[in-house]
Amino acid sequence: MPRDSRPEPPVSEAALFARASELGGRTLGDVAARFDLVPPPDLRRAKGWVGHLFEYALGATARSRASPDFEALGIELKTIPVRRDGIPCESTFVCTIDLAGIGSVEWDESLVKRKLSRVLWIPVAGERDVPVAARTIGTPLLWSPSEADVAALRLDWEELSAVIGRGDVEMLTGHLGRHLQVRPKAADARSRRRGVDRDGASIATLPRGFYLRAQFTAKILAEHFAIGSQRHDREM
DNA sequence: TATTGATCATAT
DNA sequence: ATATGATCAATA
C-alpha cells in the first residue's frame with residue numbers, strides 16, 4: 001500500500017513551492033516509494049520518468065492536458081539533471097515547433113515566451129553512474145526570466161523563427177542560437193512534420209523543438225545558489 | 001568531454 | 001499520428 005496517495009493540485013504558488021521544498025535532499029527512490037512507484041535502473045527506456053514522478057508527487061494537472069503543468073497557477077514544471085557540481089547535464093526541452101506556422105507568429109504570443117514566463121525548476125542528480133533510485137533531489141527554484149533574459153531569448157527566437165519562416169528549416173542545426181536552439185524532437189529520424197520550403201510550398205520534414213542550452217540553465221541555477229548563500233550569510 | 005542529432009515511453 | 005515528459009549516444 002502506498003503511504004501517500006496522489007496529492008490534490010496545489011492552491012497557490014507558495015503551497016507548490018513548499019511541497020517541492022520538502023522533497024529536497026531526498027532521493028528519487030524515497031519519493032517513488034511513497035507512491036508505490038518503482039524506479040527504473042536507468043533512464044534509457046524511461047526518459048520521462050523523473051518528470052512524471054514530480055508531476056505526480058506535486059499534484060500537477062493530468063499529463064494528458066496542455067501546459068502549463070499547474071494550469072490554475074500558470075506554472076511550468078521542469079526537472080533538470082545536474083552533475084555533482086550543480087551544472088546541468090543536459091539541455092532543456094521547451095516546446096515543439098509549428099514549422100508551417102511559426103513564420104507568422106510574434107514573440108509576445110509565442111509558446112516559448114509563455115512557457116518560460118514562470119518555471120519551477122527541480123534540480124535532480126543526473127549522472128549516469130548513479131542508479132536512478134539513489135539520485136538526490138536538490139533545492140527547487142521558482143523562476144521567471146529577467147528582462148535581460150527575455151531580451152536575449154527573444155533575439156534567439158526571432159532569428160531561429162525567421163530561418164524556419166523563410167523556408168530554410170533544413171539548413172538549421174543545433175549550432176544556431178545563443179541560449180535557445182532548435183533540435184530534432186521526434187520518435188526517430190524518419191518522423192515527418194509539415195513545414196514550408198523557400199517557395200512557401202508545403203514539405204515534409206523532421207519535427208523539431210526549441211531547447212534551452214545547458215549554459216543558460218546553468219546560469220539560472222548558479223544565480224539561485226549565489227542568492228541562497230547570500231541569504232545564509234545574512235542569517236549568521 | 002561538450003554538444004548535436006537521435007531516440008524512448010505513455011497517453012490521447 | 002501527435003503531444004508531453006525528457007535523456008541517450010554518436011560525433012566533433
Visitor: Using a heavy-atom cut-off of under 4.0 Å over every strand shown, decide if A:T79 touches base, sugar-phosphate, or nothing.
Guide: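 Sugar-phosphate contact only - A:T79 comes under 4.0 Å of backbone atoms but never of a base.
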Visitor: Regarding A:P81, tell me which of base, sugar-phosphate or nothing describes its non-hydrogen contacts under 4.0 Å with the strands shown.
Guide: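 Sugar-phosphate: the residue A:P81, judged by heavy atoms under 4.0 Å, touches backbone atoms but no base.
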Visitor: Keeping the roles fixed (side chain from A:E76, backbone from A:K115), state whether a donor-acceptor pair exists under 3.5 Å.
Guide: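 Not a single qualifying donor-acceptor pair exists.
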Visitor: Between A:D108 and A:K113, is the closest basic N to carboxylate O distance under 4.0 Å?
Guide: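 A salt bridge is present here (some side-chain N lies under 4.0 Å from a carboxylate O).
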Visitor: Between A:E76 (CD) and C:dT4 (P), how many Å, whole number?
Guide: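 Rounded to whole Å, this separation is 9 Å.
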Visitor: Does OP1 or OP2 of B:dT4 have a side-chain N or O of A:Q181 closer than 4.0 Å?
Guide: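 Yes, because at least one side-chain N or O of A:Q181 sits under 4.0 Å from OP1 or OP2 of B:dT4.
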Visitor: Tell me what A:A189 touches on the nucleic acid: a base, only sugar-phosphate, or nothing, going by heavy atoms under 4.0 Å.
Guide: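 Contact class for A:A189: sugar-phosphate only.
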Visitor: Heavy atoms only, 4.0 Å cut-off, all strands: where does A:A214 land among base, sugar-phosphate and nothing?
Guide: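 Result for A:A214 = nothing.
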Visitor: Specify the closest pair of heavy atoms between A:P140 and A:P123, including all atoms of both residues, with the distance to one decimal.
Guide: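 For A:P140 and A:P123, the tightest heavy-atom pair comes out as CA-CD, 4.2 Å.
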Visitor: Could you say whether A:C89 or A:A186 is positioned toward the 5' end of DNA chain B, judged by the nucleotide with the nearest heavy atom to each?
Guide: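 Result of the comparison: A:C89.
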Visitor: What nucleic acid atoms does A:S91 come within less than 4.0 Å of, heavy atoms only: base, sugar-phosphate, or nothing?
Guide: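 Result for A:S91 = base.
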Visitor: Measure from CG on A:D129 to P on C:dC8 and round the result to the nearest Å.
Guide: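 Answer to the nearest Å: 12 Å.
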Visitor: Rounded to whole angstrom units, what separation is found between the OH atom of A:Y56 and the P atom of B:dA9?
Guide: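 About 22 Å, once rounded to whole Å.
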Visitor: For A:R193, which contact category applies under a 4.0 Å heavy-atom criterion: base, sugar-phosphate, or nothing?
Guide: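 A:R193: backbone/sugar contact only, no base atoms under 4.0 Å.
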Visitor: Considering every strand and a 4.0 Å limit on heavy-atom distances, what is the contact class for A:Y211: base, sugar-phosphate, or nothing?
Guide: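 The answer is base, as A:Y211 lies within the cut-off (heavy atoms under 4.0 Å) of a base atom.
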Visitor: Please report, rounded to the nearest Å, how far the P atom of C:dT4 is from the CG atom of A:L77.
Guide: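 For the pair A:L77 CG and C:dT4 P, the rounded distance is 14 Å.
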Visitor: Would you indicate, yes or no, if C:dC8 has its OP1 or OP2 atom less than 4.0 angstrom from a side-chain nitrogen or oxygen of A:R128?
Guide: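 So the side chain of A:R128 is within the cut-off, an N or O lying under 4.0 Å from OP1 or OP2 of C:dC8.
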Visitor: Looking only at the side chain of A:T173 (C-beta and beyond, no hydrogens), which of the listed nucleotides C:dG5, B:dT7, B:dG5 gets closest?
Guide: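 Nearest listed nucleotide: B:dG5.
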Visitor: Atom CZ of A:F93 to atom C1' of B:dT7: distance rounded to whole Å?
Guide: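 Rounded to the whole Å, the gap is 13 Å.
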Visitor: With a 4.0 Å limit, can you tell me whether A:Q215 has a side-chain N or O closer than that to the phosphate oxygens OP1/OP2 of B:dT3?
Guide: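 For B:dT3, OP1/OP2 do have a side-chain N/O of A:Q215 under 4.0 Å.
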Visitor: Please work out which of the three classes, parallel, tilted or perpendicular, describes the rings of A:W143 and A:F216, given edges at 30° and 60°.
Guide: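 Ring orientation, 0 to 90° scale: perpendicular.
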Visitor: What's A:R183 touching, base or sugar-phosphate or nothing? Going by heavy atoms closer than 4.0 Å.
Guide: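 Result for A:R183 = base.
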Visitor: Donor-acceptor pair under 3.5 Å: do we get one between A:K185's side chain and the base of C:dG5?
Guide: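 It does, because a donor-acceptor pair links the side chain of A:K185 to the base of C:dG5 below 3.5 Å.
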Visitor: May I ask you to say what A:G48 touches in the nucleic acid, namely base, sugar-phosphate or nothing, with a heavy-atom cut-off under 4.0 Å?
Guide: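 Contact class for A:G48: base.
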Visitor: Answer with base, sugar-phosphate or nothing: what part of the nucleic acid does A:R83 contact at a heavy-atom distance below 4.0 Å?
Guide: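 Since only primed, P, OP1 and OP2 atoms lie under 4.0 Å of A:R83, the category is sugar-phosphate.
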Visitor: Between A:H52 and A:E90, which residue's closest nucleotide on DNA chain C lies nearer the 5′ terminus?
Guide: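 Taking each residue's closest nucleotide, the earlier one in sequence belongs to A:H52.
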Visitor: Let me know the distance between CD of A:E170 and P of B:dG5, rounded to the nearest Å.
Guide: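 The answer, rounded to whole Å, is 12 Å.
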Visitor: Across the strands shown, which category fits A:E127 at heavy-atom distances under 4.0 angstrom: base, sugar-phosphate, nothing?
Guide: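 No contact at all - A:E127 keeps every heavy atom at 4.0 Å or more from the nucleic acid.
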Visitor: Indicate the ring-plane relationship of A:W157 and A:F210, choosing parallel, tilted or perpendicular according to the 30° and 60° boundaries.
Guide: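 Answer is tilted, since the angle falls between 30° and 60°.
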Visitor: Could you check which of B:dT3, C:dT4, C:dA9 has an atom nearest any side-chain atom of A:R213?
Guide: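 Per side-chain heavy atoms of A:R213, the pick is B:dT3.
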Visitor: Return the value, rounded to whole Å, for the distance between atom CH2 of A:W49 and atom P of B:dA11.
Guide: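 Between P of B:dA11 and CH2 of A:W49: 15 Å.
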Visitor: On DNA chain C, check which nucleotide each of A:R44 and A:K115 is closest to and give me the residue with the more 5' one.
Guide: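 Its nucleotide being nearer the 5' end, the pick is A:K115.
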Visitor: Check A:A57 against A:V31 and note the closest heavy-atom contact, atom names and distance.
Guide: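 Taking A:A57 first and A:V31 second, the nearest heavy atoms are CB-CG1, 4.0 Å.
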